[in-house]
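I have placed the structure first, in the form of structure tokens, so that the comments after it can refer back to it.
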Protein chains: 2
Amino acid sequence: MKRVGIKEVAERAGVSWKTVSNVMNNRPVVHPETRARVLQAVEELGYTPNLIGRQLRQGSTRAIALVVPDLHNPYFGVLAQTLEHAAKQRGYTISIEISGGTVDIEQHYLHGWHGRLFDGLIFSPSAVTAEAIAKRTDPTPLVLLGERIISTDVPHVAIDNVASSVDLVRHLVEGGRRRIAFLGADSTGGISTGSQRFEGYKAALRFAGLPYDAALVAATNSWFRQDGYDLAQQILATPGVDAIVCANDLLAVGALAAARDLGRQVPSDLALVGWDNIDEVSYTSPGLTSVAPDLPALAEAALDSVLGELAGEVVIPHRLMERESSAPAVRA
Amino acid sequence: MKRVGIKEVAERAGVSWKTVSNVMNNRPVVHPETRARVLQAVEELGYTPNLIGRQLRQGSTRAIALVVPDLHNPYFGVLAQTLEHAAKQRGYTISIEISGGTVDIEQHYLHGWHGRLFDGLIFSPSAVTAEAIAKRTDPTPLVLLGERIISTDVPHVAIDNVASSVDLVRHLVEGGRRRIAFLGADSTGGISTGSQRFEGYKAALRFAGLPYDAALVAATNSWFRQDGYDLAQQILATPGVDAIVCANDLLAVGALAAARDLGRQVPSDLALVGWDNIDEVSYTSPGLTSVAPDLPALAEAALDSVLGELAGEVVIPHRLMERESSAPAVRA
DNA sequence: CTGAAAGCGCTTACAG
DNA sequence: CTGAAAGCGCTTACAG
């Protein structure tokens, strides 16, 4: 089936192909009757404009790449969908790119090896270092999601990870928890989402007058359910733990399964909390308390930033979604 | 920052830009020394080829769109990632497109209004009708995921939905279940994934000599956790139900929550099973039995089909992942 | 092995 | 309001 081009349409409508272009782009300069003739020809021939030609000429694709590490975490799927919705309002498209958390692929996007296919990059960094980002020469606008990587002046958008962590710990303390563990500290020592949540945890413990105990901290940069399961087993070997702050919901889901297998009751003898508020945590037993980022706000801010309407750092509101997993401990 | 083009590279290397093109495409015709000079110029100038130019010239993007209804279902994220991995081996890219389950957007892709951005379409149909697909004139190769929509000869790739449903029901019967409900029958009456799973359910009941009871069937084409929760409540109002076959895992997760809220014990007085084998069902309490499609096989078949190396219908192997939710009933 | 020309399908000034 | 020309950045034959 031969593809029909703008020339065939012009010929059938008896106009120049420039006029067809004007009609397709809804420019007001076309005589209504001419426009009608053109539209009819378009209809009859089933013409659809070739966007590649337009993109080449305009030097823009009106597509923005969202680079995420892994779609096994449903948070990223929902994030992508929220962004897609917001981008559409502005006449842009979101392209979901999976980095697999590998340095190679992350670099690929950072350094423009994607070949101008995107007008901007919304980047959820995983493996790449701050230096690599700083060395960047590719002019594609970039915004980072999550914590600022130290020493770069790249714009970034995130909730306040320290504050939200403090909120969680205060909530646990108010519920009577005293031996609160942390699962998901950064294992590389950089500034990351995990490290900031860990900072908030330590600050809140201090404020509450609770001792910090390194035995109650498990470090990992792999945040899947199985990691939560394995590390919670480890944490719960220490006696007396009555709560675990998990650096994301997937870890909390895994920790919940571990608690169950160890015969620990949630929430009566163990509280569990996390971040992201993925759909799943409303349906676990018990439901898991989670920090919910304002996803629509995040999407708007990321787009504003990547489209050059906003610079620097943006802090997104968050909300503590309290569920049964952190209900007050039953005091003896 | 001005973008550097192929001409600047050619100039700096002292060759014609055609030679640069030859080097970039790893064509063997270039003198090693010339190639080295070119590569050095590329490096020094930070040149990255503009893929839009190439795509326009070649009439191909080497990108395949995966059109899915909604990324709130984690199955589609994992499917996308599997496809992406498989496509990369073949030098192709996957573009995840979200239809929102709306006819408009589905039509958009089916009828080529995407503007030649994709060399092929892997389509998980949700709202679109068989007629709309049959009326298609756009020449972009198309493969459907899931059940064949009746009366079209478009290639499709799916597990055997009838057989897998029979497998589930037999498993339940062997576990001693006798009043088995079905959640997720097609509410529109067409041929769909839901309708085929429902057919398998009815066939298996008949084979097992169990009566079919319409009161035990809940129809819905919305397959999220909340739908499962609501409809399971409804089904469980009928006394004696000892198992529910849910048309996907999300429905089963919702049904599990409903059972819990109604004080029903899973699996001792109610068994629950589903399809898709999403990660989540290994961590619910109890774990949910699910039909696992062979995702890598599905990805390969979908690519073979859309790239024209395979025609017609492909049936993908599936496996029954037995978990605690369908453990044999304790007989009195 | 390298060079000069043409063309992919559009849009962008510029005339008329 | 419409037309003829040029050009976006590449690759594809075709000569040499």
Side-chain angles (χ1 to χ4, degrees), chain A residues 2-39 41-42 45-63 91 112-119 139-140, chain B residues 2-39 41-42 45-63 91 112-119 139-140:
Chain A
K2 173 72 182 74
R3 226 115 201 196
V4 15
I6 199 172
K7 289 172 206 158
E8 284 94 319
V9 175
E11 193 175 333
R12 174 174 273 239
V15 298
S16 88
W17 49 310
K18 155 64 184 171
T19 303
V20 177
S21 169
N22 277 336
V23 171
M24 293 312 286
N25 289 285
N26 269 312
R27 268 186 264 275
V29 291
V30 185
H31 191 90
E33 200 195 292
T34 312
R35 143 174 267 112
R37 263 214 325 281
V38 170
L39 286 177
V42 165
L45 296 172
Y47 168 71
T48 58
N50 183 332
L51 261 31
I52 307 276
R54 174 186 303 180
Q55 291 177 355
L56 179 58
R57 180 63 243 235
Q58 295 189 150
S60 148
T61 59
R62 295 191 82 79
W113 297 327
H114 53 77
R116 321 255 199 299
L117 256 23
F118 310 114
D119 288 357
T140 310
Chain B
K2 173 70 184 76
R3 232 122 196 186
V4 15
I6 199 172
K7 289 171 206 157
E8 283 95 319
V9 175
E11 193 175 332
R12 173 174 271 239
V15 298
S16 87
W17 51 309
K18 155 62 185 173
T19 303
V20 177
S21 169
N22 277 337
V23 171
M24 293 311 286
N25 290 285
N26 270 313
R27 266 185 264 274
V29 290
V30 186
H31 191 91
E33 200 195 292
T34 313
R35 143 174 266 112
R37 262 211 328 279
V38 170
L39 286 177
V42 165
L45 296 172
Y47 168 71
T48 57
N50 183 332
L51 261 32
I52 307 276
R54 175 186 303 181
Q55 290 176 356
L56 179 58
R57 179 64 242 230
Q58 294 188 151
S60 147
T61 59
R62 297 190 82 78
W113 298 327
H114 52 78
R116 322 256 198 297
L117 257 22
F118 310 114
D119 288 357
T140 310

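Just so you know, these numbers use all the heavy atoms, side chains as well, and skip hydrogens, waters and symmetry mates. So that the names make sense, note that chain A is the first sequence line, chain B the second, and so on, each numbered from 1.
- Atoms CD (A/Gln58) and P (C/dC8) sit 20 Å apart, rounded to a whole Å.
- The listed nucleotides are C/dC10, D/dG3, D/dC10; the one nearest the side chain of B/Asn50 is D/dC10.
- Atom CG of A/Leu51 and atom P of C/dG9 are 14 Å apart (whole Å).
- Atoms CD1 and CD, from A/Ile52 and B/Gln58 in turn, are 11.0 Å apart once rounded to the nearest 0.5 Å.
- We find the CD-CG distance between B/Glu11 and B/Leu45 to be 9.5 Å, quoted to the nearest 0.5 Å.
- The B/Thr34 side chain lies nearest to C/dC1 when the options are C/dG9, C/dC1, D/dT2.
- Considering only the side chain of A/Val15, D/dG3 comes nearest among D/dC10, D/dT11, D/dG3.
- Considering all non-hydrogen atoms of both residues, A/Val9 and A/Val38 come closest at CG1-O, 4.2 Å.
- Applying the side-chain contact (heavy atoms from CB on, under 4.5 Å) rule to A/Arg37 yields the partners A/Val15, A/Glu33, A/Thr34; only residues at least two apart in sequence or on another chain are considered.
- When each of B/Gly14 and B/Leu56 is assigned the nucleotide of DNA chain C bearing its nearest heavy atom, the one mapping closer to the 5' terminus is B/Gly14.
- Distance B/Arg116 CZ to C/dG9 P: 8 Å, rounded to the nearest Å.
- Of the candidates D/dT2, C/dG9, C/dG3, the closest approach to any side-chain atom of A/Arg57 belongs to C/dG9.
- Distances shown here put a side-chain N or O of B/Tyr47 below 4.0 Å from the OP1 or OP2 atom of D/dC10.
- Between A/Ile6 atom CD1 and C/dC8 atom C1' there is a gap of 13 Å when expressed in whole angstrom units.
- Scanning for salt bridge (Lys or Arg N to Asp or Glu O under 4.0 Å) contacts around B/Arg12 gives B/Glu44, with sequence neighbours left out.
- Annotation for B/Gly115 and A/Asn50: closest pair O-OD1, 3.9 Å, computed over non-hydrogen atoms.
- Within the structure, every side-chain polar atom (N or O) of A/Ser21 is placed at least 4.0 Å from both OP1 and OP2 of C/dC10.
- Every residue meeting the side chain to side chain donor-acceptor pair (under 3.5 Å) condition with A/Asp119, not counting sequence neighbours, appears here in chain and number order: A/Ser60, A/Thr61.
- If you measure from atom CD of A/Glu8 to atom C1' of C/dG9, you get 11 Å, rounded to the nearest angstrom.
- A straight line from CD of A/Gln55 to C1' of D/dG7 spans 17 Å, rounded to a whole angstrom.
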Distances under 3.5 Å between nitrogen or oxygen atoms of protein and nucleotides 13-16 of chain C:
none

Dot-bracket for DNA chain C, 5' to 3', counting Watson-Crick or G-U wobble pairs under 3.5 Å, with [ ] for crossing pairs and | for inter-strand pairs?
|||.||||||||.|||

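- We find that CZ of A/Arg54 is positioned 9 Å from P of C/dC10, with the value rounded to whole Å.
- Taking each heavy atom of A/Arg116 and B/Thr48 in turn, the nearest pair found is NH1-OG1, 3.0 Å.
- The nearest whole Å value for the distance from the CG atom in A/Leu117 to the P atom in D/dC10 is 12 Å.
- Residues passing the side-chain contact (heavy atoms from CB on, under 4.5 Å) test with A/Ile6, sequence neighbours excluded: A/Trp17, A/Val20, A/Ser21, A/Tyr47.
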